[in-house]
K.L.:
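Mind having a look at this structure? Questions to follow.
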Amino acid sequence: MWALAWPAVIPVTSQKVFGHDPLNEIKRAAPKAVTVVDPGTVVNPAQARQLLDAVPSVGRKRGLRLRALFACMYYAALRPEEAADLRLRNCTLPESGWGLIVLERARPQGTKRWTNSGETHESRSLKHRADKETREIPIPPVLVAMLREHIAEYGTAKDGRIFSTGTGGTYSSSAYSYVWQEARKLALTPEQVASSLAARPYDLRHAAVSLWLNAGVPAPEVAKRAGHSVDVLLRVYAKCLDGQREQVNSKIHDALGT
């Protein structure tokens, strides 16, 4: 029977030892996040109205309770978490004319283990704002009317929130997203449903800001209402600016006096 003899120690010359970490020589740029709004997601006013009108037809009660919430995203450019924490005290809702929303807090959805209250939703300061800093947003009569009707029909939660479930809770993102997708099927053509047009509720906010910019509202005022800085606003919505060339050319022509 043969026995193989193995060396007790592998000679150093048989090992390939690196004098430095070769991974440090690999150059790889981190992928850039998409920060520009796709114009293909932006609905026009007629499409927005069709979508909002379709929302109440979804489900027995949920769609009815969420129509005004979606309307806040379109007519006031609220983020979903801002609409979720909107309180009656934040709103000036006259019987006619424009109203006003003074946002104080947002109610983002998180994980119970990461909230102080142990709840999925927790009221927090506004995004990109210091604690107790507010944001004022004038709202058109159509939204004023919707909010007045919603409050008359459903009242408010115990803490004053305008939008809540039948038991006073907060709608999850999956719940209102489901309603939105069903409303898209009712209001849009099959081709539009298959596209990115208003694919998410958040796209209503994009549509609002795009509308304001294309209507000629000065960028600083749009930024103030939307809760952006001017530079971020113009970068994010650069591709959504359309149809202003002739208007701008006319203004420059008049200024030149030629």
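In what follows, every heavy atom counts, from backbone to side chain, and hydrogens, waters and symmetry copies are set aside.
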K.L.:
Over 60° means perpendicular and under 30° means parallel, so tell me whether Phe70 and Trp180 are parallel, tilted or perpendicular.
P.N.:
tilted
K.L.:
Which pair of non-hydrogen atoms, one from Pro45 and one from Tyr74, has the smallest distance, and what is that distance?
P.N.:
CA-OH, 3.3 Å
K.L.:
Would you say that Arg135 contacts Glu82 through its side chain, given a criterion of any heavy-atom pair below 4.5 Å between the two side chains?
P.N.:
yes
K.L.:
Tyr75 versus Leu52: any side-chain heavy-atom pair under 4.5 Å?
P.N.:
yes
K.L.:
Would you mind checking if Asp159 and Arg87 are paired as a salt bridge, meaning a charged N to carboxylate O distance below 4.0 Å?
P.N.:
yes
K.L.:
As an exercise, state the distance from CG of Leu100 to CG of Asn90, rounded to the nearest 0.5 Å.
P.N.:
10.0 Å
K.L.:
Do Gln181 side-chain atoms and Tyr178 backbone N/O form a donor-acceptor pair below 3.5 Å?
P.N.:
no
K.L.:
So which atom in Arg205 and which in Tyr237 form the shortest heavy-atom distance, rounded to 0.1 Å?
P.N.:
O-OH, 4.4 Å
K.L.:
Check whether any side-chain heavy atom of Ile101 lies under 4.5 Å from a side-chain heavy atom of Glu136, and answer yes or no.
P.N.:
no
K.L.:
What's the separation between atom CG in Leu197 and atom CG in Leu188, rounded to the nearest 0.5 Å?
P.N.:
5.5 Å
K.L.:
Can any side-chain N or O of Ser196 pair as donor or acceptor with the backbone N or O of Ala199 at less than 3.5 Å?
P.N.:
no
K.L.:
Which heavy atom in Ala84 sits nearest to a heavy atom in Thr170, and how many Å separate them?
P.N.:
CB-CG2, 4.3 Å
K.L.:
Using a 4.5 Å cut-off on heavy atoms from C-beta on, say whether the side chain of Val58 contacts that of Leu66.
P.N.:
no
K.L.:
Could you tell me whether a side-chain N or O of Arg235 sits under 3.5 Å from a main-chain N or O of Val36, the two making a donor and an acceptor?
P.N.:
no
K.L.:
How far does OG of Ser173 sit from CD of Glu81, to the nearest 0.5 angstrom?
P.N.:
10.5 Å
K.L.:
Begin from the C-alpha positions of Arg161 and Leu86 and carry the test side-chain contact (heavy atoms from CB on, under 4.5 Å) through to its verdict.
P.N.:
CA-CA 6 Å; Arg161 282 180 294 115; Leu86 185 64; over 6 Å; no
K.L.:
Does Glu221 have any salt bridge (charged side-chain N to carboxylate O under 4.0 Å, His left out) partners at least two apart in sequence or in another chain, and if so, which?
P.N.:
Arg225
K.L.:
So do the side chains of Val102 and Cys91 get within less than 4.5 Å of each other, counting heavy atoms only?
P.N.:
no
K.L.:
Looking at Met146, is its backbone amide N or carbonyl O close enough to the side chain of Glu149 to form a donor-acceptor pair, meaning the two atoms are under 3.5 Å apart?
P.N.:
no
K.L.:
Can you tell me which residue pairs pass the salt bridge (Lys or Arg N to Asp or Glu O under 4.0 Å) test with a partner in residues 35-62, sequence neighbours excluded?
P.N.:
Asp53-Arg67
K.L.:
Please report the closest heavy-atom contact between Leu69 and Ala83, naming both atoms and the distance.
P.N.:
CG-CB, 4.0 Å
K.L.:
Using a 4.5 Å cut-off on heavy atoms from C-beta on, say whether the side chain of Pro201 contacts that of Met73.
P.N.:
yes
K.L.:
Test Gln50 against Leu186 for side-chain contact (heavy atoms from CB on, under 4.5 Å), laying out the working first.
P.N.:
CA-CA 9 Å; Gln50 291 170 0; Leu186 295 172; over 6 Å; no
K.L.:
Could you tell me whether a side-chain N or O of Thr165 sits under 3.5 Å from a main-chain N or O of Gly169, the two making a donor and an acceptor?
P.N.:
yes
K.L.:
Considering only heavy atoms from C-beta outward, does the side chain of Ile162 approach that of Tyr154 to under 4.5 Å?
P.N.:
no
K.L.:
Would you say Thr189 and Val193 make side-chain contact, with heavy atoms under 4.5 Å?
P.N.:
no
K.L.:
Might you point out which heavy atoms bring Ala198 and Val43 nearest each other, and give the distance in Å?
P.N.:
CB-CG1, 3.5 Å
K.L.:
Verify side-chain contact (heavy atoms from CB on, under 4.5 Å) between Leu93 and Ile151, making sure each step is shown before the conclusion.
P.N.:
CA-CA 11 Å; Leu93 306 172; Ile151 294 167; 3.8 Å; yes
K.L.:
Work out which heavy atom in Val144 is nearest to a heavy atom in Gly99; give both atom names and the distance.
P.N.:
CG2-N, 3.5 Å
K.L.:
Just verifying a value: how many Å separate Leu143 CG and Leu147 CG, rounded to the nearest 0.5 Å?
P.N.:
4.5 Å
K.L.:
Mind checking whether Trp98 and Val222 sit in one hydrophobic cluster, side chains of I, L, V, M, F, W, Y counted as touching below 4.5 Å?
P.N.:
no
K.L.:
Sort and list the pairs that fulfil salt bridge (Lys or Arg N to Asp or Glu O under 4.0 Å) and have at least one residue in residues 178-204, not counting sequence neighbours.
P.N.:
Glu182-Lys185, Arg200-Asp203
K.L.:
For the atom pair OH (Tyr176) and CZ (Phe163), what is the distance rounded to the nearest 0.5 Å?
P.N.:
12.5 Å
K.L.:
How far does NZ of Lys158 sit from OG of Ser164, to the nearest 0.5 angstrom?
P.N.:
11.0 Å
K.L.:
Do any N or O atoms from the side chain of Ser177 and from the backbone of Ser174 form a donor-acceptor pair under 3.5 angstrom?
P.N.:
no
K.L.:
Evaluate the criterion side-chain contact (heavy atoms from CB on, under 4.5 Å) for residue pair Arg65 and Tyr171; output intermediate values, then yes/no.
P.N.:
CA-CA 10 Å; Arg65 298 183 74 103; Tyr171 282 105; 3.3 Å; yes
K.L.:
Taking NZ, NE, NH1 and NH2 as the nitrogens, is one of them in Arg89 or Glu104 under 4.0 Å from a carboxylate oxygen of the other?
P.N.:
yes
